[in-house]
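Heavy-atom basis, side chains included; hydrogens, waters and symmetry copies ignored.
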Amino acid sequence: GFLLPIYLLFGIGLAIGFGFAYSGIVHGIIRIFNGKGNFADTYKIYAYSSIPFTMISTIPLIGWLSIIYTIYLTIIGTESLHKITKGKAAVAWIMPGVLIIGTLLFFIIIYLMGFGLIF
């Protein structure tokens with residue numbers, strides 16, 4: 001019971017830290033695409049576009065639609081604030097996630113190969 005506030009603070013800190021890190025990676029990609037905005041603009045896009053997901057995702061049956069709307073908001077916001085195309089904006093936001101998931105899958109496969117569970 002008394003550890004609950006510590007867990008909550010740790011979770012909030014972890015979420016904020018992840019948001020800054022992910023936005024930093026995305027901002028680096030946007031700079032490669034010659035985006036015009038700054039890091040604060042990128043973080044604003046991340047923060048504002050995640051609000052619908054946070055609120056709507058808990059609603060049964062239609063909560064998954066919030067993911068689509070969140071992706072749409074990030075792409076439109078990035079296009080507007082950084083002055084790049086929708087395609088580049090989509091790549092900038094999706095590429096880090098794909099790289100993170102790919103890296104995790106790689107290490108899981110290596111781990112399982114070490115125990116002889118696959119291949």
With Ser49, which of Thr74, Ile71, Ile75 fulfils side-chain contact (heavy atoms from CB on, under 4.5 Å)?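 When side-chain contact (heavy atoms from CB on, under 4.5 Å) is applied between Ser49 and each of Thr74, Ile71, Ile75, only Thr74 qualifies.
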Give me the one residue out of Ile45, Thr42, Ile32, Asp41 that meets side-chain contact (heavy atoms from CB on, under 4.5 Å) with His27.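 The single option meeting the side-chain contact (heavy atoms from CB on, under 4.5 Å) with His27 is Thr42.
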Within a reach of under 6.0 Å around CZ of Phe39, are more than 12 heavy atoms found that belong to other residues, nucleotides or ligands?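 Yes, because the 6.0 Å sphere around CZ of Phe39 holds more than 12 heavy atoms from other groups.
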So, taking the atom named OG in Ser50 and the one named CE in Met55, what distance separates them when rounded to the nearest 0.5 Å?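 Between atom OG of Ser50 and atom CE of Met55 there are 11.5 Å.
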What is the distance from atom CD1 of Ile84 to atom CZ of Arg31, rounded to the nearest 0.5 Å?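 Going from the CD1 atom of Ile84 to the CZ atom of Arg31 covers 11.0 Å.
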So if you build clusters from Ile, Leu, Val, Met, Phe, Trp, Tyr with side-chain heavy-atom gaps below 4.5 Å, do [X] and [Y] land together?
X	Y	answer
Ile12	Tyr22	yes
Tyr72	Ile68	no
Ile67	Tyr69	no

Identify the heavy atoms of [X] and [Y] that sit nearest to each other, and give their distance.
X	Y	answer
Pro52	Ser66	O-CB, 3.8 Å
Ser23	Tyr46	OG-CB, 3.4 Å
Asn38	His82	O-CE1, 3.6 Å

So which residues get pulled into Leu8's cluster when ILVMFWY side chains under 4.5 Å apart are joined, directly or through others?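 Members alongside Leu8: Leu4.
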Intermediate values then yes/no, side-chain contact (heavy atoms from CB on, under 4.5 Å), Ile29 and Val26: CA-CA 5 Å; Ile29 296 169; Val26 169; 5.6 Å; no
Anything under 30° is parallel, anything over 60° is perpendicular, the rest tilted; go ahead and classify Phe20 against Tyr43.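 The arrangement is parallel - the two ring planes meet at less than 30°.
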Side-chain donor-acceptor distances from residues 90-107 under 3.5 Å, at least two apart:
residue	atom	partner	partner atom	Å
Trp93	NE1	Thr78	OG1	2.5
Thr103	OG1	Leu99	O	2.7

Using the side-chain contact (heavy atoms from CB on, under 4.5 Å) rule, take Leu73 and Ile76 through it: C-alpha gap first, then chi angles, then the decisive distance, then the call. CA-CA 5 Å; Leu73 288 177; Ile76 297 302; 5.8 Å; no
